[in-house]
Amino acid sequence: MKEALAEPTVRVGGGWTAAVVLANVGVFAAWLGPIQVLLAKQSEAVAPGNKEFVFGLVTGVGAAVSVVANPAFGAISDRTASRFGRRVPWVIAGAVGGAVGLGILSGARVIALMLVGWCLMQLFGNALLAAATAVIPDRVPVTQRGVVGGWVAISQVLGALVGTALAASFDNYTLGYVACAGFLLLSVVPYLLRSHDQPLTERPAFVLPDFLKSFWISPRRYPDFGWAWLTRFLFNVGNALGTLYLFYYLQDEVGVADPDTGVLILTAIYSVCVLTTAISFGRWSDRSARRKVFVTASGWVMAVAGVILAGWPTWPGAITGAIVLGAGFGVYLSVDFALLTQVLPNARDRAKDLGVINIANSLPQVLAPVIAAPIVKHLGGYPVLYLLAAAVTVLAGVLVTRVRSVA
């Protein structure tokens, strides 16, 4: 028990880090390939006159499932006393269940089946993500978390690139879903072979009222956790507002003839910029032992990208916006994750607490369609949407300074 819950001191190797990154790439590819391309194309095929509503409905309901699933599976993972460890069983279950959800989506021709398939993908994908995220504070020392966090952070971007590439490789969205499912299953194999997941020697007592009560983390008792949560929530609101309708932005506002390829090109450019800044600034953050200044700066850089996309709705403008957004988001992803791991309330509930943090990732996906759809349709269109996204990221960068226990 003590070994599994102890604060790690031994540095992890490159092979272990690569395996964790690949598992994260797999789940994000299975999410972002559909969000960036497949669900948009499928919504247009199922309801051509009301594609924005259907797309927003499916992604919003799926995100609502994610809000509950991530902390719930995190808490269950914390209490799993398998001989394979706390995290491995849920990595396996998440990959298999997510692949089933994508399989249902591949054959869905009505909205109801789209909802079933996407909700299953969100449910099991979050089981996988909750476990794969918790292995960082489980295994990685604080002095290495900026670098490792940078690599893990870019998995979201690499997942978007891989998922978008898989989705754009097929004219038929059915095959795109199958390709994403296959990649998801293969991506977890290296981690399963070298996880070194420490098992609990005894199963923690399960008392339902205490279990449910544990999901509330008092901001009065843990104020730094509360400010870190709010900061991540606002960053993700801004990011969701800016990226949710990228396919339709290129198609309807910029006038790109082939939005599938356009999304792929922008995602590739964005990914290179995230990769460059996430690793370099994560290492810089470790060496300087400072986190907040980097997060604040990233909010301002991301806001500049929003202004560019709002005021320059052309293909060169979209490319420039992708470069600036990628540079800012790379810094944010790596450094903010390291900051979050330093304000977790206790070692026993790492996965659950990170699951509560991940609500700040998921809840914006519920809110973004509600906010974005009326703006795009009736309240000023894409310029207003991207300016709002810029304002939210600036606010997030300012509020991170309220975290006191981290430099």
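If you're wondering where the values come from, they're calculated on a predicted model, not measured in any experiment.
- Asp252 pairs by the side chain to side chain donor-acceptor pair (under 3.5 Å) definition with nothing, not counting sequence neighbours.
- The side-chain hydrogen bond (donor to acceptor under 3.5 Å, both in side chains) contacts involving residues 294-303 comprise nothing, where partners must be two or more places apart or lie in separate chains.
- Separation of atoms CG (Asn239) and CG (Leu325) is listed at 6.5 Å; rounding is to 0.5 Å.
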**Request:** Please step through side-chain contact (heavy atoms from CB on, under 4.5 Å) for the pair Leu250 and Val263, ending with a clear verdict.
**Result:** CA-CA 8 Å; Leu250 293 179; Val263 170; 3.8 Å; yes
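- Annotation: salt bridge (charged side-chain N to carboxylate O under 4.0 Å, His left out) contacts of Glu253 (sequence neighbours excluded): none.
- For Trp284, the CH2 atom counts as loosely surrounded, since its 6.0 Å shell holds 12 or fewer non-hydrogen atoms of other residues, nucleotides or ligands.
- Judged as a salt bridge (charged side-chain N to carboxylate O under 4.0 Å, His left out), the pairs with a partner in residues 18-43 (not counting sequence neighbours) are, in order, Lys41-Asp260.
- Of the possible donor and acceptor atoms, one in the side chain of Thr277 sits under 3.5 Å from a partner among the backbone N and O of Ala327.
- Every side chain to side chain donor-acceptor pair (under 3.5 Å) that Thr174 has, sequence neighbours left out, goes to Arg109, Asn172.
- Two residues are said to be in side-chain contact when any heavy atoms from C-beta on lie closer than 4.5 Å; Thr267 and Leu32 fail this criterion.
- Under the rule for a side chain to side chain donor-acceptor pair (under 3.5 Å), Trp118 has no partner lying at least two apart in sequence or in another chain.
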Please output the side-chain donor-acceptor pairs of residues 12-22 that fall under 3.5 Å, not counting sequence neighbours, one pair per line with the distance.
from	atom 1	to	atom 2	distance (Å)
Trp16	NE1	Ser195	O	3.2
Thr17	OG1	Gly13	O	3.1

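- Taken to the nearest 0.5 Å, the CG atom of Leu246 stands 6.0 Å off from the CG atom of Leu266.
- In terms of heavy-atom proximity, Phe183 sits nearest to Gly26 at CE2-CA, 3.7 Å.
- Closest approach of Trp315 to Val254, counting heavy atoms only: N-CG1, 3.6 Å.
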**Item:** Leu102 vs Val178, side-chain contact (heavy atoms from CB on, under 4.5 Å): CA-CA, chis, key distance, verdict
**Value:** CA-CA 7 Å; Leu102 292 172; Val178 173; over 6 Å; no
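- For the pair Leu385 and Leu241, the tightest heavy-atom approach, listed with the atom from each and the gap, is CD2-O, 3.4 Å.
- Atoms CZ and CE, from Phe55 and Met114 in turn, are 9.0 Å apart once rounded to the nearest 0.5 Å.
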**Message:** For a side-chain contact (heavy atoms from CB on, under 4.5 Å) check, start with the C-alpha distance between Tyr270 and Leu275, then their side-chain angles and the critical distance, and finish with the verdict.
**Reply:** CA-CA 9 Å; Tyr270 170 84; Leu275 175 62; over 6 Å; no
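- Considering every non-hydrogen atom in both Pro190 and Ser187, the closest pair reads CD-O, 3.6 Å.
- With sequence neighbours excluded, the residues satisfying ring-ring contact (aromatic ring centres under 6.0 Å, His included) with Tyr249 are Tyr382, Tyr386.
- Nearest heavy-atom pair, Val91 versus Ala131, reported as atom, atom and distance to 0.1 Å: CG2-CB, 4.0 Å.
- Atom CD1 of Ile371 is separated from atom CG of Leu388 by 7.0 Å, given to the nearest 0.5 angstrom.
- Using a 4.5 Å cut-off on side-chain heavy atoms (C-beta onward), Ile92 and Val188 make no contact.
- Leu234 has its side chain within reach of Leu399: a pair of non-hydrogen atoms, C-beta onward, lies under 4.5 Å apart.
- With sequence neighbours left out, Glu44 forms a side chain to side chain donor-acceptor pair (under 3.5 Å) with no residue at all.
- Distance alone, capped at 3.5 Å, is enough to place a donor-acceptor pair between the Gln42 side chain and the Leu105 backbone.
- Enclosure of atom CZ in Phe53 is not indicated, since only 12 or fewer non-hydrogen atoms of other residues, nucleotides or ligands lie within 6.0 angstrom.
- Shortest non-hydrogen contact noted between Met302 and Phe329 is CE-CD1, 3.5 Å.
- With ring centers used as reference points, Trp229 lies 6.0 Å or more from Phe225.
- In this structure, Phe73 and Phe124 have tilted ring planes: the angle between them lies in the 30° to 60° band.
- Counting only distance, with no hydrogens or angles, the side chain of Thr133 and the backbone of Ala130 share no donor-acceptor pair below 3.5 Å.
- Applying the side-chain hydrogen bond (donor to acceptor under 3.5 Å, both in side chains) rule to pairs touching residues 54-69 yields Ser66-Asn126, Ser66-Ser362, sequence neighbours excluded.
- With values rounded to the nearest 0.5 angstrom, Ile319 atom CD1 is found 7.0 Å from Ile265 atom CD1.
- Here the side chains of Phe235 and Leu395 are not in contact, with every heavy-atom distance at 4.5 Å or above.
- Counting only residues at least two apart or on different chains, no salt bridge (charged side-chain N to carboxylate O under 4.0 Å, His left out) pair has a member in residues 235-246.
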**Request:** Dump the intermediate steps for side-chain contact (heavy atoms from CB on, under 4.5 Å) on Ile111 and Val46, then the final yes or no.
**Result:** CA-CA 7 Å; Ile111 297 172; Val46 170; 3.8 Å; yes
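- No side-chain heavy atom of Trp227 sits less than 4.5 Å from a side-chain heavy atom of Thr401.
- Between the SG atom in Cys180 and the CZ atom in Phe28 there is a gap of 14.0 Å [rounded to 0.5 Å].
- Distance alone, capped at 3.5 Å, is enough to place a donor-acceptor pair between the Ser77 side chain and the Arg86 backbone.
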Using a 3.5 Å cut-off and no angle test, enumerate the donor-acceptor pairs between side-chain atoms of residues 161-168 and protein atoms at least two apart in sequence or in another chain.
from	atom 1	to	atom 2	distance (Å)
Thr164	OG1	Ala160	O	2.6

